[in-house]
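Inspection log for the structure reproduced underneath, given as structure tokens.
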Amino acid sequence: MQRCDYLLSQLDVLEAESIQIIREVAAEFEKPVLLFSGGKDSIVMLRLAQKAFWPAPIPFPVMHVDTGHNFPEVIDFRDRRVAETGVRLVVASVQESIDGGRVVEETGRRASRNRLQTTTLLDAIEEHGFDAAFGGARRDEEKARAKERVVSFRDEFGQWDPKNQRPELWNLYNTRIRRGEHVRVFPLSNWTELDIWDYVRREELELPSIYFAHTREVFERDGMLLADLPYTNRGEDEPAFEATVRYRTVGDASCTGAVKSAAVTLEQVIEEIASTRITERGQTRADDRASEAAMEDRKKEGYF
């Protein structure tokens, strides 16, 4: 008898694990939602959700927590990609939270709406009755995210307790919750940034243009290059200049930095990522530099 060896690639294994997680959650929960920002991780998650239920449509909506201070290229891409997929988009607006008195907008040079997203997210989850929210967080991004389980329990206040997490032995997930509680689910937990880019290449996924080198007006603050936009509060001592940059991650423009780069193709970006030793958030997210435990503090409050 001829022996046939069937070997899966690293991407095949990661894809299969993520699809299994997505299907498990869709089966166990009544109202899941997929958090979709138009960034590379959520784009990969959307493709995985398509594959998980193909040829049927994705059986849950996608939601974007919109700070109102986003990169226009990303919002345009978000709307176009959602329309192509045919999935329902829920937009939770930080501006509406400010107008309604739910949160108070920060002031000053380093003001950002990034932290305000927590209240908007929790309000939207309660309003729509979502009991599971898929997020694109990966363990290689940041120390607090490395502590997170795949299925992460949130109490009735939307808060996370890193010291009281449910075990996940043999990839078995405890999905039991009571009314008012919910879980965050991270199908990409075991992926790395390089895995994401390799999958984008393999699946021929389109990305927003800001992920590739382009010319932009920027200014330097605390060693980061921020886009010169009306809501980035550039000071007089922070002169703007033109530079060729790209973004490794996308988020609120007031706290998301660019990196100098000449990588205009997918292959060139992958080559850059393969050679770097600095995480994307460590290099380009000002909100993670506030303190050693900045991300963990936000996550305890209910952040992504």
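No hydrogens, no waters, no symmetry mates; every other heavy atom, side chains included, goes into these values.
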Between Thr192 and Ile196, is the side-chain contact (heavy atoms from CB on, under 4.5 Å) condition met? List the steps. CA-CA 6 Å; Thr192 66; Ile196 293 293; over 6 Å; no

Same cluster (ILVMFWY, side-chain, under 4.5 Å), [X] and [Y]:
X: Leu194; Y: Val44; answer: yes
X: Leu35; Y: Ile125; answer: yes
X: Ile75; Y: Tyr231; answer: no
X: Leu14; Y: Ile19; answer: yes
X: Leu11; Y: Leu205; answer: yes

How far apart are the closest heavy atoms of [X] and [Y], and which atoms are they?
X: Phe212; Y: Val264; result: CD2-O, 3.8 Å
X: Val185; Y: Ala132; result: CG2-CB, 4.5 Å
X: Val87; Y: Pro61; result: CG2-CA, 4.1 Å
X: Ile58; Y: Leu46; result: CD1-CD1, 3.8 Å
X: Gly135; Y: Pro187; result: O-CD, 3.6 Å
X: Ser112; Y: Cys255; result: OG-SG, 3.8 Å

Strictly by modelled atom types, are [X] and [Y] linked by a side-chain donor-acceptor pair under 3.5 Å?
X: Arg110; Y: Asn233; answer: no
X: Gln165; Y: Asp161; answer: no
X: Glu272; Y: Ser261; answer: yes
X: His214; Y: Arg246; answer: no
X: Thr119; Y: Ser97; answer: no
X: Arg154; Y: Ser152; answer: yes

[X] side-chain N/O to [Y] backbone N/O, donor-acceptor pair under 3.5 Å:
X: Arg23; Y: Ala52; value: yes
X: Gln268; Y: Thr265; value: yes
X: Thr276; Y: Ile273; value: no
X: Asn70; Y: Asp252; value: no
X: Ser18; Y: Glu15; value: no

Would Val151 and Arg166 count as a side-chain contact (heavy atoms from CB on, under 4.5 Å) if you check the C-alpha gap in whole Å, the side-chain angles of each, and the deciding distance to 0.1 Å? CA-CA 8 Å; Val151 176; Arg166 296 169 174 177; 5.8 Å; no

Check whether any side-chain heavy atom of [X] sits under 4.5 Å from a side-chain heavy atom of [Y], and report yes or no.
X: Met63; Y: Val91; result: no
X: Lys260; Y: Thr244; result: no
X: Asp237; Y: Arg109; result: yes
X: Asn114; Y: Thr67; result: no
X: Arg184; Y: Leu121; result: yes
X: Val259; Y: Leu225; result: no
X: Asp228; Y: Val218; result: no
X: Asp79; Y: Leu89; result: yes

Hey, is [atom1] on [X] packed in by over 12 heavy atoms from elsewhere, all under 6.0 Å?
X: Arg80; atom1: CZ; answer: yes
X: Glu126; atom1: CD; answer: no
X: Glu204; atom1: CD; answer: no
X: Glu96; atom1: CD; answer: no

Got a sec, which pairs hit salt bridge (Lys or Arg N to Asp or Glu O under 4.0 Å) with one end in [range], sequence neighbours left out?
range: residues 186-196; result: Glu193-Arg248
range: residues 61-77; result: Glu73-Arg216
range: residues 167-180; result: Arg178-Glu181

Checking Val90 against Val33 for the side-chain contact (heavy atoms from CB on, under 4.5 Å) test, could you report, in this order, the C-alpha distance in whole Å, the side-chain angles of both residues, the deciding distance, and whether it holds? CA-CA 9 Å; Val90 175; Val33 66; 5.6 Å; no

Quick one: [atom1] on [X] to [atom2] on [Y], what's the gap to the nearest 0.5 Å?
X: Ile43; Y: Arg78; atom1: CD1; atom2: CZ; answer: 12.5 Å
X: Gln117; Y: Leu122; atom1: CD; atom2: CG; answer: 11.5 Å
X: Tyr173; Y: Arg149; atom1: OH; atom2: CZ; answer: 11.5 Å
X: Arg138; Y: Ser189; atom1: CZ; atom2: OG; answer: 10.5 Å
X: Leu116; Y: Gln95; atom1: CG; atom2: CD; answer: 10.0 Å
X: Leu229; Y: Ser254; atom1: CG; atom2: OG; answer: 10.0 Å

Sequence neighbours excluded - ring-ring contact (aromatic ring centres under 6.0 Å, His included) pairs with any residue from residues 26-53: Phe53-Phe60

Sub-6.0 Å ring centroid separation between Trp191 and Phe186: no

Per the ring-ring contact (aromatic ring centres under 6.0 Å, His included) rule, which among Tyr211, Tyr247, Phe77 passes with Phe71? Tyr247

Ring pair (Phe, Tyr, Trp, His ring centres under 6.0 Å) against Phe130, all qualifying residues, sequence neighbours excluded: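 Phe130 satisfies ring pair (Phe, Tyr, Trp, His ring centres under 6.0 Å) with His128 once adjacent residues are dropped.
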
Decide yes or no on salt bridge (charged side-chain N to carboxylate O under 4.0 Å, His left out) for Glu267 and Arg201, but give the supporting numbers first. CA-CA 8 Å; Glu267 297 297 334; Arg201 174 172 56 185; 2.8 Å; yes

Stepwise side-chain contact (heavy atoms from CB on, under 4.5 Å) check, Thr249 with Thr256: CA-CA 7 Å; Thr249 181; Thr256 304; 4.3 Å; yes

Salt bridge flag under 4.0 Å for residues Lys51 and Glu203: yes

For Glu105, all residues meeting side chain to side chain contact (heavy atoms under 4.5 Å, CB included), sequence neighbours excluded: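 With sequence neighbours excluded, Glu105 shows a side chain to side chain contact (heavy atoms under 4.5 Å, CB included) to His69, Ile98, Arg113, given in chain and number order.
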
